[in-house]
Amino acid sequence: MAPVISSINPNHGPPTGGTAVTITGSGFTGATLVKFGTVPVSSFTLVSDSQITTTAPAGTGSAAVTVTTPLGGTSNGVTYTYTVLPVITSLTPTSGTAGTSVIISGSGFTGASSVHFGTASATFTVLSDGQIQATAPAGSGTVQVTVTTPAGTSNSAAFTYTVLPVITSLTPNQGPTSGGNTVTISGTNLSGATSVLFGTHAATITANTATQITVTAPAGAAQSVNVTVTTSAGTSNPLPYFYVAAPAITGLIPTMGPSGGGNTVTIFGSGLALTSAVHFGAAAATNITVISDSQITVTAPVGTGTVLVTATTPGGTSTVGLGNAYYTYVAPPVITSLSPAQGSVSGGDDVLIRGSNLTYTDAVFFGTAPASFAAVSDTMVVTTSPPGTVGPVTVTVHSPGGTSNGATFQYQP
């Protein structure tokens with residue numbers, strides 16, 4: 001009985017041959033020859049009367065597979081098709097990050113079963129026999145892209161993974177709405193930065209390395225914005241940068257103090273919460289304590305005359321505006337004489353106090369007893385003695401500049 005082939009699996013393969021093929025049918029016992037067209041296979045295995053396994057030889061086009069036995073002769077022929085290997089001619093683009101859409105151009109892509117970037121499998125869509133759209137899987141460095149069809153695996157084309165820039169810190173991470181301040185951006189893969197954005201506004205890049213970028217911040221509204229860095233590989237993660245409005249000082253309590261400083265001054269205004277420095281003229285105050293965004297306290301420095309008090313925050317330094325931001329230094333009062341220097345224990349005597357720095361007198365004491373007074377000039381205060389006891393008391397004058405030296409007043413019966 002002649003051998004009969006009912007099927008071959010697979011029924012196709014690359015022109016280079018080498019595909020393992022299983023031939024199924026009947027009457028195979030004693031088979032002496034298996035051919036693919038006119039080409040005999042170099043070897044085959046008779047598994048049973050109904051199955052032979054072999055390896056396809058090289059070939060082109062379509063070939064009829066036959067089996068020959070000594071008694072039955074040659075079987076019917078079943079077609080085996082030599083399919084053309086896929087060929088890649090180009091990738092567009094040739095570099096990118098994971099997730100980049102890549103167009104693979106070439107030929108023989110019909111029936112593609114897989115696309116690999118190195119050893120990683122990519123998702124893909126066959127657009128035509130000459131084009132595939134693939135999505136780059138996760139990877140690094142330069143990898144070889146290949147396409148596999150039933151005919152086999154294509155040649156390879158190089159795809160280079162580029163690394164997105166990453167920013168880890170901004171120094172400082174806040175600044176004035178007017179911009180113009182220097183901000184240092186630290187991170188990785190920052191080389192070749194093409195733009196740095198503060199929100200939607202571009203900063204001016206002044207220095208750039210792989211781990212650091214220095215920029216001049218653009219102007220912006222008082223709010224938080226995202227800073228991003230863009231290189232040829234793409235755009236970085238965002239980090240927040242805070243635009244801070246300039247502070248304003250509207251009032252001081254007190255507005256006067258001793259030339260030696262050291263007294264506590266309460267400053268009122270707005271935008272004071274981030275105050276880093278306070279100056280009385282050119283002299284720096286100390287012990288800055290933030291009470292709220294509208295109130296801080298400081299210890300006044302040494303000074304003279306009337307000076308402008310300013311507060312500095314990341315938003316800038318306050319300027320003259322509404323309210324009073326001026327502070328007057330007052331020299332300590334000095335008494336040089338009392339006239340008269342004695343009076344009745346019942347009090348009520350008018351006493352002329354002469355001296356210097358008396359303009360801002362805010363209290364007069366006979367011993368510990370306060371007296372009514374009127375500052376006539378910087379060198380003269382008129383006071384009325386309070387009741388006292390027989391004997392001497394020390395008269396002092398107080399002003400924002402401090403307490404004067406003492407002068408003796410004699411109470412008489």
Side-chain angles (χ1 to χ4, degrees), residues 164-231 234-252 265-299 301 308-323 325:
L164 285 174
V166 175
I167 56 177
T168 55
S169 67
L170 306 176
T171 306
N173 66 354
Q174 53 194 355
T177 55
S178 58
N181 56 307
T182 297
V183 177
T184 299
I185 303 170
S186 299
T188 56
N189 310 313
L190 303 179
S191 295
T194 55
S195 74
V196 173
L197 293 179
F198 281 56
T200 58
H201 300 290
T204 301
I205 300 173
T206 57
N208 186 190
T209 68
T211 59
Q212 197 170 83
I213 300 175
T214 303
V215 300
T216 301
Q223 61 182 351
S224 171
V225 298
N226 283 328
V227 175
T228 56
V229 173
T230 298
T231 68
T235 299
S236 73
N237 59 299
L239 283 183
Y241 178 86
F242 300 90
Y243 279 104
V244 181
I249 294 178
T250 57
L252 310 173
V265 178
T266 300
I267 300 173
F268 300 92
S270 60
L272 302 176
L274 300 176
T275 299
S276 57
V278 172
H279 285 82
F280 283 53
T286 57
N287 301 322
I288 299 169
T289 301
V290 174
I291 307 300
S292 68
D293 192 60
S294 59
Q295 184 177 341
I296 59 176
T297 62
V298 300
T299 299
L308 176 66
V309 177
T310 58
T312 300
T313 72
T317 298
S318 61
T319 56
V320 178
L322 298 175

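Just so we're clear, the structure is a prediction, and the values are computed from it rather than from any experiment. Sequence positions, counted from 1, serve as the residue numbers for this chain.
Atom OG1 of Thr250 is separated from atom CG of Leu322 by 8.5 Å, given to the nearest 0.5 angstrom. In this structure, the separation between OG1 on Thr211 and CD1 on Ile167 is 13.5 Å, given to the nearest 0.5 Å. One distance of note links CG of Leu274 with OG1 of Thr313; it measures 6.0 Å at 0.5 Å rounding. Rounded to the nearest 0.5 Å, atoms OG1 (Thr168) and CD (Gln212) are 9.5 Å apart. Note that the CG atom of Asn226 and the OG1 atom of Thr200 stand 11.0 Å from one another [nearest 0.5 Å]. From Thr188, atom OG1 reaches atom CG of Leu164 across 10.0 Å, with rounding to the nearest 0.5 Å.
Looking at heavy atoms from C-beta onward, Tyr243 lies in side-chain contact with Pro218 at the 4.5 angstrom threshold. Counting heavy atoms from C-beta on, the side chains of Leu272 and Val290 never come closer than 4.5 Å. A 4.5 Å side-chain heavy-atom check between Ile205 and Ile213 finds at least one atom pair inside the cut-off. At least one side-chain heavy atom of Pro176 sits less than 4.5 Å from a side-chain heavy atom of Asn181. Contact of the Ile185 side chain with the Val215 side chain is registered, since non-hydrogen atoms from C-beta on lie closer than 4.5 Å. When side chains are defined from C-beta on, Asn237 counts as touching Val166, because their heavy atoms get closer than 4.5 Å.
Between Ser178 and Ala219, the shortest heavy-atom distance links the atoms O-CB, 3.7 Å. Considering all non-hydrogen atoms of both residues, Thr310 and Thr317 come closest at CB-CG2, 3.8 Å. Across Phe198 and Ala217, no two heavy atoms sit closer than the pair CE2-CB, 3.9 Å. Contact record, Thr231 with Pro165: OG1-CD, 3.6 Å, taken as the closest heavy-atom pair. The two residues Thr182 and Pro172 have their closest heavy-atom pair at O-CD, 3.5 Å.
Listed for the Thr230 side chain is no donor-acceptor partner under 3.5 Å among the backbone atoms of Thr194. Side chain of Ser318 to main chain of Pro247: no donor-acceptor pair is present (N/O by atom type, distance under 3.5 Å, no hydrogens or angles). Side-chain atoms of Ser276 come within 3.5 Å of backbone N or O of Thr312 as a donor-acceptor pair. Remark: side-chain polar atoms of Asn208 are paired, donor with acceptor, to backbone N or O of Leu190 under 3.5 angstrom.
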